[in-house]
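No experiment lies behind these values; they were computed from the predicted model shown.
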Amino acid sequence: MPDPPIVTRFAPSPTGHLHIGGARSALFCWAFAAGLKNLGLDGRFMIRIEDTDQARSSDESARGILEDLAWLGIEWDDGPELRLGSGRTVGGDSRGVGPYFQARRVATYNAYAEDLIRRGRAYPAFETSEELEARRKAAVAAKRTYRFERPGDLVAGEFPRGRWERAVKGERHVVRFLSPREEVVVPDRVLGDVRIAPGELDDFVIRKADGFPTYHFAVVIDDELMGVTHVMRAQEHLANTPRHVAMQKALARLDTGAPFRTPEYAHMPLIFNMDGTKMSKRDKAKAARKAAKDATTKGATPASLAGACGLEEGPVAGFLAAEHDRLDVAEALARHLKVTLPEIEVWDFRRNGYLPEVITNFIALLGWSSGLKDGQGKDVEKFDMRFLAEHFSIERIGRTNARFDRAKLLAFNADAIKGMEDGAFASRWWSWLGEHEPEAASTVRRAFGDDPPASPRLVMLGRALKPRARTLREALAAARFALVGDDAYDFDQAAVAKHLQGEGGRGLDLVRQVRERLAGLGDGEFTPDQVHAIAEQLAQQSGAGMGAVSQAVRVAVTGAGVSPGIGETLAVLGKASTLARLDRCLRACVV
Ligand code: GLU
C-alpha cells in the first residue's frame, strides 16, 4: 500500500470576497503541498467550501473565491472544479472524498451527530433562545461570565434516551457536545502546546436547530474524512482548536471504527495594518468616513453628500455617525470624494492593477521568511512561486503579528512592471483593461486596432508607461493622453499660461517651429528617436533648452505638463494626430 497522501486544505466560507489574509493561508497550504511534491511525495492541496451558514453563503461568492485563487496561481489538487481561461480544469475528486461543499454533506454530519448521541458524547438540548438569553442576562447582572451549564440529567458515556425520544418526535432542539472535564492540549507547530484547563470548554452546539452542523463540527468531521493531515490557518482560529481536538478524541469513523486523528496544527500570525489595527473589511468604511468627515468640515452636509452620491440622506448620516459600515455607502462616498479605499480583498488588488505574482510574493512574507540572504547579506525578499514551494517550511512561520506594508507592496508592483518585457506588458495591460475597464478597452481598440497588443504603437506606449506606472491602473491614467480624440482633451490653463503663453508666447513659437520640422518627417520616420532628435535640434538652435521645448509640445498635444518622454509621446500619437493636435493648440491657445 502506498503511504496515504499528506493533505493541506483551505476552507473558505463563501460569504464575500477572498480576504488577503485568506489568500495567505491558502498560499502557505499550497506551498507546503507543492514542496512535498518537489520531493516526490504525495502532497495535496485541497479546497473545501464551508457553506453551512445558509443565510450568508452564496454560490457567487464561492465562485469568486475560486477565481481569485486561480488568478493568484494558487491551484488546488482536490476540490470544486474550476475551468480556467486556458481551458484547463483545476480541482476534482480523484481521491473520492468529496463533495467539497459542506451543504451537500449534511447527511454525513447527522450520522456522526447521532453516533455521538448514542455513545453518550452529545445530547439534544431544548432550551429556547429566549431562555438562553435570559440566563445570559442574569449572569451579566450577577457579574458572572455566562457559560452554558450542563443539565443535571446527563451522564457522560450514557445514551440520553429521554432527550433522544423528544427529539425524534420533532421537538425543536440543538445538539450539544458533552465536553470533556479533563485538560485539552492543542499541539501547534508554530506556537507549541496550547493547554486548556479542565472544565474550560462548555457544552457547545454541534448541530443547529435548522439541522445544519456548526462550523466546529463540520470542520472536524471533514478534516478526518477528507484525510487532512495538516491544518494551517490564521491564529484567530486558535481559540476554536481545543473544541476541535476534544471532538476528535470523542469521534470514531463510522466506516472503519477507527478513532479520529488530530492533524498537525500550525496557526499563522495575524495580519495588521501599519498602525497596529487589525486589517479588516471595516478599514474601507473607516477611510470613507474620514474623507466624508473632512468634507463636512469644509461645508458638506450628510444631505449634500447623499445628493452628490445618489443616496438617501438616512444611510449617509448613519454611516457618518458610525452606526453602520455599509460598503455601498463607503464606495459611493469614495467615488464622489475621489479617495481610494484601502484594498483588503484579493479582488480589490486585482481591480486596481496589482500583479498576481507580486501579491503572492508579498503575502508569502507576511509571517514567513526563507531565512536566505542575497549576495549583499540582505534577506531574500523577491521570489516566485517555485522558490516558495522549494523553501517553504512550517518551522519558518513566525509567531509575531505581521504588518501589511502597502508602500512596500506598491514598490514591489512597480518594480515588477518596470522589469516586464515590452510585449508582455502590452498584453497583460490589455487583458487587465478588458476585465476591469471595458470602456477604456474599447477606446484602446479604436486607437490601436483590433488586436492592440500586436500594435507597435501600443507596445511603444507600454514601454513609455512602464517606468511611471506602479499599477496597471496607474498606467491607464498615464495613457489617457493617447486615448482621447485629437480635439477632445482639455487644456490645463495654468500649464498653457506657463509653458506656452509666458515670456511673450515663446512656447507657442517653439510649437510652431516643431510642427514645421515634424511635418517633414515621413510616416516611417516618426519614431521616438527621430522625434526626440528634432526637438533637441530645435532646443539647441533656438537656445530655449530641451525642457522648454518638451514642455511646450507636451502641453500642446496632451493639454497638460505630464506625459512620457516627448519622443515617445509623439510617436505613440503618430504623425497625423500629432500635427492635428499641434494645430489645434496653435488655434486655441494663442492670446
Ligand atoms: N471556514 C472557516 C473560515 O473561513 C475556515 C476555518 C478553518 O480553516 O478551519 O474562517
Residues Arg350, Glu345: salt bridge by 4.0 Å N-O rule | no
Would you tell me whether Ser94 and Arg44 have side-chain atoms, one donor and one acceptor, within less than 3.5 Å of each other?
-> yes
Please assess Phe32 against Ile6 for the test side chain to side chain contact (heavy atoms under 4.5 Å, CB included), listing each intermediate value before the final yes or no.
-> CA-CA 10 Å; Phe32 183 67; Ile6 300 166; 4.0 Å; yes
Has the side chain of Asn361 got a donor or acceptor atom that lies under 3.5 Å from a matching backbone atom of Phe383?
-> yes
Within 6.0 angstrom of Arg406 CZ, more than 12 heavy atoms from elsewhere | yes
Looking only at heavy atoms, the pair that brings Leu433 and Ala440 closest together is CD2-CB, 4.1 Å
Are the charged groups of Asp283 and Lys278 less than 4.0 angstrom apart, N to O?
-> no
List the steps, then state whether side chain to side chain donor-acceptor pair (under 3.5 Å) holds for Arg554 with Ser563.
-> CA-CA 7 Å; Arg554 185 171 277 126; Ser563 83; 2.8 Å; yes
Would you call Lys284 and Asp348 a salt bridge, taking side-chain N to carboxylate O under 4.0 Å as the test?
-> yes
Decide if atom CD of Glu421 counts as having more than 12 heavy atoms of other residues, nucleotides or ligands within a radius under 6.0 Å.
-> no
pair Asp78-Val97: side-chain heavy atoms closer than 4.5 Å | no
Evaluate the side chain to side chain contact (heavy atoms under 4.5 Å, CB included) criterion for residues Leu69 and Trp30: first the C-alpha distance (whole Å), next the side-chain angles of each, then the deciding distance (0.1 Å), finally the verdict.
-> CA-CA 11 Å; Leu69 287 168; Trp30 172 90; over 6 Å; no
Test ring pair (Phe, Tyr, Trp, His ring centres under 6.0 Å) applied to Tyr215 and His244, step by step = CA-CA 10 Å; Tyr215 151 69; His244 301 176; 5.5 Å; yes
Hey, what's the ring geometry for His436 with Trp347, parallel, tilted or perpendicular (30° and 60° as the breaks)?
-> tilted
Does the side chain of His17 pick up a donor-acceptor pair with the side chain of Ser61 at under 3.5 Å?
-> no
What is the ring orientation for Tyr354 with Phe349, classed by angle as parallel under 30°, tilted 30 to 60°, or perpendicular over 60°?
-> perpendicular
Does atom NZ of Lys290 have more than 12 heavy-atom neighbours from other groups under 6.0 Å away?
-> no
Lys373 NZ: over 12 foreign heavy atoms closer than 6.0 Å = yes
Minimum-distance pair of heavy atoms, taken over all atoms of Tyr100 and Pro80 | CB-CD, 3.8 Å
What about Tyr265 and His237, are their ring centers closer than 6.0 Å?
-> no
Would you call Glu343 and Arg351 a salt bridge, using N to O less than 4.0 angstrom?
-> no
Mind telling me whether Phe28 and Phe392 have parallel, tilted or perpendicular rings, with 30° and 60° as the class edges?
-> tilted
Identify whether the distance between the nearest side-chain nitrogen and carboxylate oxygen of Arg289 and Asp325 falls below 4.0 Å.
-> yes
Are a donor atom and an acceptor atom from the side chains of Thr89 and Glu81 found within less than 3.5 Å of each other?
-> no
Centroid-centroid under 6.0 Å between Phe481 and Tyr489 rings | no
Is the backbone N or O of Val185 less than 3.5 Å from a side-chain atom of Asp193, with the two atoms forming a donor-acceptor pair by type?
-> no
Is the shortest side-chain N to carboxylate O distance from Arg403 to Asp405 below 4.0 Å?
-> no
Ignoring hydrogens and angles, tell me if any N or O in the side chain of Arg24 forms a donor-acceptor pair with the backbone of Leu366 under 3.5 Å.
-> yes
Glu75 with Arg88: basic N within carboxylate O range, under 4.0 Å = yes
Which of parallel (below 30°), tilted (30 to 60°) and perpendicular (above 60°) describes Trp429 and Phe425?
-> parallel
Taking Asp492 for the side chain and Gly559 for the main chain, is one N or O donor matched with an acceptor at less than 3.5 Å?
-> no
Looking only at atom types and distance, does a side-chain atom of Asn273 sit under 3.5 Å from a main-chain N or O of Gly276, one as donor and one as acceptor?
-> no
Among side-chain atoms of Gln102 and Asp222, is any donor-acceptor pair under 3.5 angstrom?
-> yes
Does Arg63 come within less than 4.0 Å of Asp59, counting only side-chain N to carboxylate O?
-> no
Does atom NZ of Lys286 have more than 12 heavy-atom neighbours, drawn from other residues, nucleotides or ligands, at distances under 6.0 Å?
-> yes
Listed pairs under 3.5 Å, donor-acceptor, residues 456-469 side chains, sequence neighbours left out:
residue: Arg457; atom: NH1; partner: Val572; partner atom: O; Å: 2.3
residue: Arg457; atom: NH2; partner: Ala447; partner atom: O; Å: 2.6
residue: Arg463; atom: NE; partner: Asp422; partner atom: OD2; Å: 2.7
residue: Lys466; atom: NZ; partner: Met420; partner atom: O; Å: 2.6
residue: Lys466; atom: NZ; partner: Asp422; partner atom: OD1; Å: 2.7
residue: Arg468; atom: NH1; partner: Ala464; partner atom: O; Å: 2.8

Is the backbone N or O of Lys378 less than 3.5 Å from a side-chain atom of Asp374, with the two atoms forming a donor-acceptor pair by type?
-> yes
Just by modelled atom types, is the Ala560 backbone N or O under 3.5 Å from a matching donor or acceptor in the Thr558 side chain?
-> yes
Determine the minimum heavy-atom distance between Arg399 and Val190, stating which atoms define it.
-> NE-O, 3.3 Å
Criterion side chain to side chain contact (heavy atoms under 4.5 Å, CB included) on Leu355 and Arg428, from CA distance to verdict | CA-CA 9 Å; Leu355 307 174; Arg428 288 184 73 168; 3.8 Å; yes
Please state whether the rings of His324 and Phe319 are parallel, tilted or perpendicular, taking 30° and 60° as the class boundaries.
-> tilted
Might you point out which heavy atoms bring Ala31 and Leu388 nearest each other, and give the distance in Å?
-> CB-CG, 3.8 Å
Check: Gly353 main-chain N/O paired with Asn413 side-chain donor or acceptor under 3.5 Å = yes
Without hydrogens or angle criteria, can the side chains of Asp275 and Thr277 be said to hold a donor-acceptor pair below 3.5 Å?
-> yes
Are Pro263 and Thr229 side-chain neighbours, meaning at least one heavy-atom pair lies under 4.5 Å?
-> no
Give a yes or no answer on whether the side chain of Thr443 reaches the backbone of Glu439 with a donor-acceptor pair at less than 3.5 Å.
-> yes
Backbone N/O of Gly561 and side chain of Gln551: donor-acceptor pair under 3.5 Å | yes
Salt bridge check: are Lys408 and Glu381 linked by an N-O gap of less than 4.0 Å?
-> yes
